[in-house]
2 protein chains.
Amino acid sequence: MLPPLIRIDLSIATPVYRQIVDAVRTHLVDGAFAPGDHLPPVRQLAMDLGVHFNTVAEAYRILAEEGWLDLKRRRGALVLRRGVPRPADPAAAPLFARRLRELVAEVRAAGVTRPRILRELLLVAKGLEA
Amino acid sequence: MLPPLIRIDLSIATPVYRQIVDAVRTHLVDGAFAPGDHLPPVRQLAMDLGVHFNTVAEAYRILAEEGWLDLKRRRGALVLRRGVPRPADPAAAPLFARRLRELVAEVRAAGVTRPRILRELLLVAKGLEA
DNA sequence: TTGTATGTACACAGACAATGTACAATAGGG
DNA sequence: CCCTATTGTACATTGTCTGTGTACATACAA
């Protein structure tokens, strides 16, 4: 069995619905979920994750507001071809810089080694160049 | 006036006390706050940030639990020489990989350009090599 | 037409975040 | 020594957020 595309962790502070949003959006950006695909129904994904279906529905609603999904009853969650990213909020890039540094600081403090962090950074950078 | 070392953003979902923790920890890791320094008293930092002092106190308490600070009444928050990072939880590195990808996906979706993201990743990577 | 698979709406319980207020400890001045 | 001001602490309170329960609306298929 392949590792599930979406996993959640009840032990961390990030609320489950936001973990779902983050995980699904990652797959949408990198193409693992492509326009025309259907996401699993809220009740099915909820079963897989062990949460209530309304929690999944909330995540789908947020993704629909972001323009990724078209939600229609009885038809499930259709992945849309999402228009060009809206012009970035000018604060977005500096905020990214800060959050990236905070994330790295957090994992360094947690004992992840510098080479390991470096490796992940460069892997992601590599993926962006393509 | 220099840009303040710590800033918070009431418009985002991350609670203020956690924003404070993240910002201060970043400075602790990169050395802007060094062992022997004193952080501002909770009431003063709270004034600067426009929040209640108990919110700052909560952030300081978390950092003290992480081993960064020694809190004593009337003496303020003393920055400790923090022992070697505890052995990393084996899940920490994979979790970092995931969170990094989620962060990048989020800002890409928000319209930050790939070169801009790449630049920040490489900047942080550079800082880690030193 | 009817049943059923789907998303939606909304109320509710519990957890969490931020604050208000009172208190405890301690450094420093007299 | 003792007092006082400055600092962190404790805990109750208030409002918001999260996750769930339950009932409903919609639309496809037989």
Side-chain angles (χ1 to χ4, degrees), chain A residues 6-25 28 33 35-80 102 106, chain B residues 6-25 28 33 35-80 82 102:
Chain A
I6 301 170
R7 256 175 306 179
I8 59 172
D9 183 345
L10 295 176
S11 77
I12 63 183
T14 307
V16 172
Y17 78 90
R18 200 129 21 95
Q19 292 186 46
I20 298 171
V21 169
D22 290 341
V24 173
R25 189 173 41 224
L28 289 163
F33 294 144
D37 289 350
H38 283 270
L39 299 190
V42 291
R43 284 167 179 80
Q44 182 188 318
L45 181 52
M47 284 280 292
D48 295 346
L49 300 178
V51 299
H52 195 273
F53 68 83
N54 273 338
T55 300
V56 175
E58 170 69 10
Y60 278 15
R61 241 171 269 131
I62 290 170
L63 290 163
E65 272 168 25
E66 292 184 7
W68 293 107
L69 301 181
D70 182 40
L71 299 178
K72 288 233 165 57
R73 294 175 212 235
R74 176 73 200 195
R75 246 229 357 250
L78 173 68
V79 177
L80 298 176
E102 288 177 351
E106 180 181 334
Chain B
I6 301 170
R7 256 175 306 179
I8 59 172
D9 183 346
L10 296 177
S11 78
I12 64 184
T14 308
V16 171
Y17 78 91
R18 199 130 22 94
Q19 292 187 46
I20 297 170
V21 169
D22 290 339
V24 173
R25 188 174 41 227
L28 289 163
F33 294 144
D37 290 350
H38 283 269
L39 300 190
V42 291
R43 285 168 179 81
Q44 181 187 320
L45 181 53
M47 284 282 290
D48 295 346
L49 299 178
V51 299
H52 195 275
F53 69 81
N54 272 338
T55 301
V56 175
E58 171 68 9
Y60 279 15
R61 241 171 270 131
I62 291 170
L63 291 163
E65 272 169 24
E66 291 185 8
W68 293 107
L69 301 181
D70 182 41
L71 299 178
K72 288 234 166 55
R73 295 175 213 234
R74 176 72 201 197
R75 246 230 358 249
L78 174 68
V79 177
L80 297 176
R82 183 162 173 271
E102 288 176 352

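Residue numbering restarts at 1 for every chain, and letters A, B, ... go by the order of the sequence lines. Hydrogens, waters and symmetry mates play no part in the numbers below; they use all other heavy atoms, side chains included. Since the model is a prediction, treat every value here as computed from it, not as a measurement.
What separates CG of A:Leu69 from C1' of C:dG7 is a distance of 12 Å, to the nearest Å. What separates OH of A:Tyr60 from P of C:dA9 is a distance of 17 Å, to the nearest Å. Between A:Asp9 atom CG and D:dG19 atom P the separation is 12 Å, expressed in whole Å. Atom pair B:Ile62:CD1 and C:dC16:C1' shows a separation of 12 Å (rounding to whole Å applied). For the pair B:Leu45 CG and D:dT7 C1', the computed distance is 14 Å after rounding to whole Å. Atom pair B:Leu49:CG and C:dT19:C1' shows a separation of 15 Å (rounding to whole Å applied). For B:Met47 and C:dT19, the CE to C1' distance is 15 Å, given to the nearest whole Å. One can place CG of A:Leu78 at 16 Å from C1' of D:dC28, the figure rounded to the nearest angstrom.
The side chain of B:Arg74 approaches D:dT6 more closely than any other nucleotide in the set C:dA17, D:dT6, D:dT22. Checking D:dA23, D:dG8, D:dA25 against every side-chain atom of A:Arg73, the shortest atom distance belongs to D:dA25. Among the nucleotides D:dG19, D:dG8, C:dG7, the one closest to the side chain of A:Pro15 is D:dG19.
For B:His38 against B:Gly76, the heavy-atom pair with the smallest separation is ND1-C, 4.5 Å.
Interface remark: the B:Arg43 side chain does form a donor-acceptor pair with the D:dG8 base, using a distance-only criterion of under 3.5 Å. On a pure distance criterion of 3.5 Å, a polar donor-acceptor pair joins the side chain of A:Asn54 and the base of C:dA9.
Contact annotation: the side chain of B:Glu102 never approaches that of A:Gln19 to less than 4.5 Å [non-hydrogen atoms, C-beta and beyond]. Within the 4.5 Å cutoff, the side chain of B:Leu45 has no heavy atoms near those of the B:Leu39 side chain. By the 4.5 Å heavy-atom criterion applied to side chains, A:Leu63 and A:Val24 are counted as neighbours.
Nucleotides of DNA chain D nearest to A:Lys72 and A:Phe53 differ in position, and the one nearer the 5' end is that of A:Phe53. For the pair A:Arg75 and B:Ala57, both in contact range of DNA chain D, the more 5′-proximal nearest nucleotide belongs to B:Ala57.
For C:dA17, neither phosphate oxygen OP1 nor OP2 lies less than 4.0 angstrom from any side-chain nitrogen or oxygen of B:Thr55.
Of the possible donor and acceptor atoms, none in the side chain of B:Arg25 sits under 3.5 Å from a partner among the backbone N and O of B:Trp68.
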